[in-house]
Every structure is written in C-alpha cells, then in structure tokens.
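Below is one structure, written out as structure tokens; the observations come after it.
In what follows, every chain begins at residue 1, and chains take the letters A, B, ... in the order their sequences are listed. These numbers were taken from a predicted model, which means no experiment stands behind them.
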Amino acid sequence: MTIQTQTHPENERQQPESCLLPPVDVTEDVSGITLYADFPGVPKERLKLQVEAQTLTIEGELTLDVPEGMEAVHVEVAHPRFRRVFTLSKELDSERVSADFNQGVLKIRIPKTAHAQPRKVSIQVE
Amino acid sequence: MIYRTLFPRDMFAELDRLQRDLAQAFELSPSIRGTARGGFPGVNVGNTQKSVEVYVFVPGIEPGDLEVQLEKGVLTIAGTRKPPFSDGSGEKVTAHIDERFSGRFRRVIALPDDLSPDAVEARYRDGVLHVSIPRREAALPRRITIQ
C-alpha cells in the first residue's frame with residue numbers, strides 16, 4: 001500500500017503580508033448595491049477586483065513617485081498595499097458587477113437579480 | 001422605543017477615542033497640533049538632500065477644490081469632500097457602511113526652515129497630492145575641497 005503525500009497549495013501559500021483596509025461606503029437602493037472605496041495613490045493598472053463565488057475582493061498597490069534617496073520622516077500611510085474582502089449575499093447578481101475608478105475612488109455597482117427585485121407582500125389580518 | 005443591544009452602537013468610536021487618549025498619554029512630547037494620526041487626509045513626509053516631499057492622500061477630489069498654502073514655513077492643505085449619497089434622485093437609499101470621510105478638512109504641516117517657498121511644485125494624481133518644496137541653494141550640502 002502506498003501512501004500518497006500531497007502538498008496542498010493552501011498550506012504552501014505564504015502568510016498574507018500586512019496591508020491597509022481601505023475605508024468604504026456601502027449603499028443600497030431598490031435595484032442594487034453601490035460600494036465606494038478609497039484607494040489613494042493606486043493607479044488603474046494596479047487595482048484588482050475579483051468576484052469569486054460569494055466573495056468580492058478589492059485590492060490595490062500604492063505607487064508614488066518618490067525621488068531618489070528619499071528618507072521618510074513622517075508616515076501615516078505605512079503599507080504599500082490595500083486590500084478588503086466582502087461576502088456578497090445571494091440575491092446579488094455577481095455576473096453583472098460594474099466598476100469605475102476615478103482619482104483614487106473606486107465605485108462598484110452590484111445589481112440585484114431580477115427575481116430579487118422588491119415585490120409588495122400583502123399581509124392578511126384575520 | 002429603542003431596542004438596546006449588548007454593546008453600545010458606537011463601540012468602535014469609543015475604542016477609537018480610547019486609543020487616541022492612550023496615544024496622547026504615552027507620547028512624551030506630542031505635537032502642538034495634537035496627534036495627527038488617524039485623521040483625514042493621511043500625510044506622508046519625506047526628506048531628500050535637495051527637497052522636502054509631502055504626500056497628502058485625498059482621493060476623489062477635483063484638484064480645483066484643494067487649497068494649498070505655504071506661509072511662514074507652514075504648509076496648509078484644506079478642502080471639502082462631498083458625501084457620495086447626495087445624488088438626490090429622491091430614491092430611497094440605505095447606507096450600510098459609512099466609513100469614508102466627507103466634509104471639510106484641513107491639515108497643517110510645519111516645515112523645516114531651509115526651504116525656498118517660491119519654487120513649490122504641487123501635483124495631483126490618482127488621489128494623492130504631492131507637494132515638493134526644494135531646499136535653498138545655500139542650504140544644500142557642499143563638498144569642501146582641502147588645499
């Protein structure tokens with residue numbers, strides 16, 4: 001009998017390096033959810049947006065033009081990476097997510113699926 | 001009628017305040033303008049031999065709405081950031097998370113003395129205002145030749 005040893009890719013993955021949580025606003029209206037997130041200093045090509053199953057991941061890498069030989073004397077934005085993960089609920093249509101990125105602000109629109117649109121429920125009182 | 005919960009609703013605000021109090025208590029000589037960390041906008045400052053570089057993290061603002069002032073060695077950055085909800089279509093909108101700063105802000109940064117304020121450069125890109133202030137010629141390090 002042979003025992004197979006398999007390495008799981010999950011175990012080999014390195015510890016996620018520390019990153020900043022971008023502040024967000026989330027609003028909901030009848031047709032869907034809108035999310036705004038601050039990614040200052042992240043150029044468009046360094047922004048990553050991923051919807052996988054019920055998980056929305058937003059990630060960005062900070063890119064500043066730093067002159068040669070600069071020495072930081074005061075640092076408030078201390079990590080070069082922003083990352084945040086959200087769990088979506090099932091009435092949201094993850095196939096039709098749209099996004100817009102302008103001056104460091106990411107706007108994501110996640111519409112609700114057609115059958116999740118509101119219906120008036122009449123309540124019967126007996 | 002208020003339905004009470006186990007935790008106060010603004011528990012995070014309380015924790016925030018506690019953290020600030022602690023930071024203030026433990027910092028031996030805080031800046032005269034208070035502990036700046038955690039405010040909006042975030043600021044990074046760096047030095048080079050030729051200049052001082054200030055990075056202000058103010059995403060989502062029209063460059064025209066930013067006021068940058070340099071007076072007597074003090075750099076002031078002020079402006080207003082609009083809340084995203086004011087689309088005002090009359091539709092019912094529920095805010096679930098509201099973390100992003102909105103409203104008027106102002107940050108004041110004291111700079112070293114050896115700068116020449118006439119040659120300031122300010123650029124706004126990807127939501128970051130980058131102010132570069134060169135040092136005065138006389139203040140630049142000079143190599144002294146030995147005879």
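Using a 4.5 Å cut-off between heavy atoms, A/Val42 touches chain B through its backbone atoms (N, CA, C, O) alone. The parts of B/Phe57 that come within reach of chain A are both its backbone and its side chain, each placing non-hydrogen atoms under 4.5 angstrom from that chain. In this structure, chain B has no heavy atom under 4.5 Å from any part of A/Ala78. Looking at A/Leu47, neither its backbone nor its side chain comes within 4.5 Å of chain B, counting heavy atoms on both sides. Heavy-atom distances place both the backbone and the side chain of B/His96 under 4.5 Å from chain A. For A/Phe101, no part lies near chain B; criterion is any non-hydrogen pair under 4.5 Å.
Atom CE of residue A/Met70 and atom OG1 of residue B/Thr48 lie 8.5 Å apart, to the nearest 0.5 angstrom. Considering CD of A/Gln103 and CD1 of B/Ile61, their distance stands at 10.0 Å, rounded to 0.5 Å.
A heavy-atom distance below 4.5 Å is found between the side chains of A/Val105 and B/Arg100. Looking at A/Pro67 and B/Glu53, their side chains come closer than 4.5 Å, going by heavy atoms from C-beta outward.
Salt-bridge formation is not detected for the pair B/Lys50/A/Glu68: no Lys NZ or Arg NE/NH1/NH2 atom is positioned less than 4.0 Å from an Asp or Glu carboxylate oxygen. A salt bridge between B/Arg81 and A/Asp38 is present, with a side-chain N of the basic residue lying under 4.0 Å from a carboxylate O of the acidic one. Taking 4.0 Å as the cut-off between side-chain N and carboxylate O, B/Arg125 and A/Asp65 count as a salt-bridged pair.
Connection of B/Leu115 to A/Val73 is established within a shared hydrophobic cluster, with ILVMFWY side chains joined at heavy-atom distances below 4.5 Å, either directly or through further cluster members. Follow the hydrophobic side-chain contacts under 4.5 Å out from A/Val51 and you never reach A/Val85; the two are in separate clusters. Both A/Val66 and A/Val77 belong to a single network of hydrophobic side chains, linked directly or stepwise wherever heavy atoms of I, L, V, M, F, W or Y lie under 4.5 Å apart.
Atom CD of A/Glu45 has more than 12 heavy atoms from other residues, nucleotides or ligands within 6.0 Å. The number of heavy atoms from other shown groups lying within 6.0 Å of CG (B/Asp113) does not exceed 12. At most 12 non-hydrogen atoms from other residues, nucleotides or ligands lie less than 6.0 angstrom from CZ of B/Arg106.
The candidate with the highest count of non-hydrogen atom pairs below 4.5 Å against chain B, out of A/Leu64, A/Thr63, A/Ile33, is A/Leu64.
A/Asp25 places a side-chain N or O within 3.5 Å of a backbone atom of B/Glu99 that can act as its donor or acceptor partner. Side-chain atoms of A/Glu28 never come within 3.5 Å of backbone atoms of B/Thr94 as a donor-acceptor pair (strictly under, hydrogens ignored). A distance-only check finds no donor-acceptor pair linking the side chain of B/Asp126 to the backbone of A/Gly104 [under 3.5 Å].
Contact detail for B/Pro59 and A/Pro40: the closest heavy-atom pair is CD-CB, 3.9 Å. A/Val24 and B/Ile97 get closest at one heavy-atom pair: O-CG2, 3.7 Å. Smallest separation of non-hydrogen atoms from B/Val93 and A/Asp29: CG2-CB, 4.2 Å.
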